[in-house]
Amino acid sequence: MESLQHDLAAAATFADDHNIASEAVAIDEPADLADGLPPARSGADASDAPVVVGVDQAFRTGDSDGSGGSDEAVSAAVAVRDGVVIEYASAATPLSIPYVPGLLAFREGESLLAALDALSVEPDLLVCDGSGRIHFREAGIATHVGVLRDVPSLGVAKSLLCGVPDEPTDERPTGWRTPIRADDSVETIEALAGATAPVIGHAYQSRQYPNSRRVNPLYVSPGHRVSAETVVDLVEALCAGYKLPEPTRLADAYADVAKRTDGE
DNA sequence: GCGACAG
DNA sequence: ATCTTGTCGC
């Protein structure tokens, strides 16, 4: 699996080859998840805005339903355009391997790809939960699925897998960001360059409270066909008041519903 | 051998 | 990720 990740990283493009303007994907109003998920408004309204697809996973444990089923990964994909949900899709696949840091894509990737295939719209950008280039072999789940489907993708993680921030990330104001550079644990592809360690992502403070409890920053990184700098701008545009980008919040909520609805 | 480690 | 109510604070 490690060698496959090296191949995927080599095939990945950590630069902007597909011009996705952050202004074109900006979301102003956060969805109100209190009254359930917003209805999919797949109107035939021709829009030129990019289709951003947020994906997330939830899990269904063994035979909690008494059917003796095995553990499954349930993936949810939510397509958003102009800040409006245009389609929901989900898929479930049995869990083959346990969670191992660095091998997440092999545990959750199958169901994620299946959910994407169940979508009728073509994604212009994939927003994954987890890392992309911030990975031991620069092939986190965002890079993994991005390369396999050859679609621009980025990863949004809530904690740092590897790499080191240029500056301390404690108690930073909203909008703050700092580069994450490869450390010794990263088997850098261009290990020859030497001099300065490559920037593999950024720590980004998407939300912060004035006084009380502190919020940890997000760790964003390129998946495929997007640069580390553009990723931060895209995530900033996709956040509408909450810590997580809207596509991710929606996919997270839908995954919870899907794990009880999809199947059985 | 010890430490570190997305979801 | 998941098992889970209340609770502290803006």
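Reminder, nothing fancy here: chain letters follow the sequence lines and each chain counts from 1. These numbers were taken from a predicted model, which means no experiment stands behind them.
For residues 95-117 of chain A, the side-chain hydrogen bond (donor to acceptor under 3.5 Å, both in side chains) pairs, not counting sequence neighbours, are A:Q57-A:E108, A:S75-A:S111, A:D117-A:R149.
DNA chain C contains no stems of three or more consecutive Watson-Crick or G-U pairs with both distances under 3.5 Å.
Taking CZ from A:R207 and NZ from A:K243, the interatomic distance works out to 10.5 Å, rounded to the nearest 0.5 Å.
No engagement by A:A73 is indicated, since no non-hydrogen atom pair under 4.0 Å with the nucleic acid exists.
Under the side chain to side chain contact (heavy atoms under 4.5 Å, CB included) criterion, A:P165 pairs with A:L160, A:T169, A:T178, A:I180, sequence neighbours left out. A:L4 is linked by a side chain to side chain contact (heavy atoms under 4.5 Å, CB included) to A:L8, A:F106, counting only residues two or more places apart in sequence or in another chain.
Counting heavy atoms from C-beta outward, A:V55 and A:V127 have side chains that stay 4.5 Å or more apart. The side-chain heavy atoms of A:P50 and A:L125, taken from C-beta on, include no pair separated by under 4.5 Å. Taking 4.5 Å as the limit, every side-chain heavy atom of A:S131 sits out of range of all side-chain heavy atoms of A:Y219. The closest side-chain heavy-atom distance from A:R225 to A:S153 is not below 4.5 Å. The shortest distance between side-chain heavy atoms of A:T143 and A:S221 does not fall below 4.5 Å.
Atom pair A:E72:CD and C:dA1:P shows a separation of 18 Å (rounding to whole Å applied). With rounding to whole Å, A:D71 atom CG is found 12 Å from C:dT2 atom P.
In the model, A:Q205 has no side-chain atom that pairs as donor or acceptor with a side-chain atom of A:R172 under 3.5 Å.
Using a 4.0 Å cut-off, no side-chain N or O of A:K259 falls inside it from OP1 or OP2 of C:dA1.
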Represent DNA chain B in dot-bracket notation, 5' to 3'. Only Watson-Crick or G-U wobble pairs with both distances under 3.5 Å count; pseudoknot-style crossings use [ ] and interstrand partners use |.
.......
Which letters describe nucleotides 2-7 of chain B, given B = protein heavy atom under 4.0 Å from base, S = only from sugar-phosphate, - = neither?
---BBB
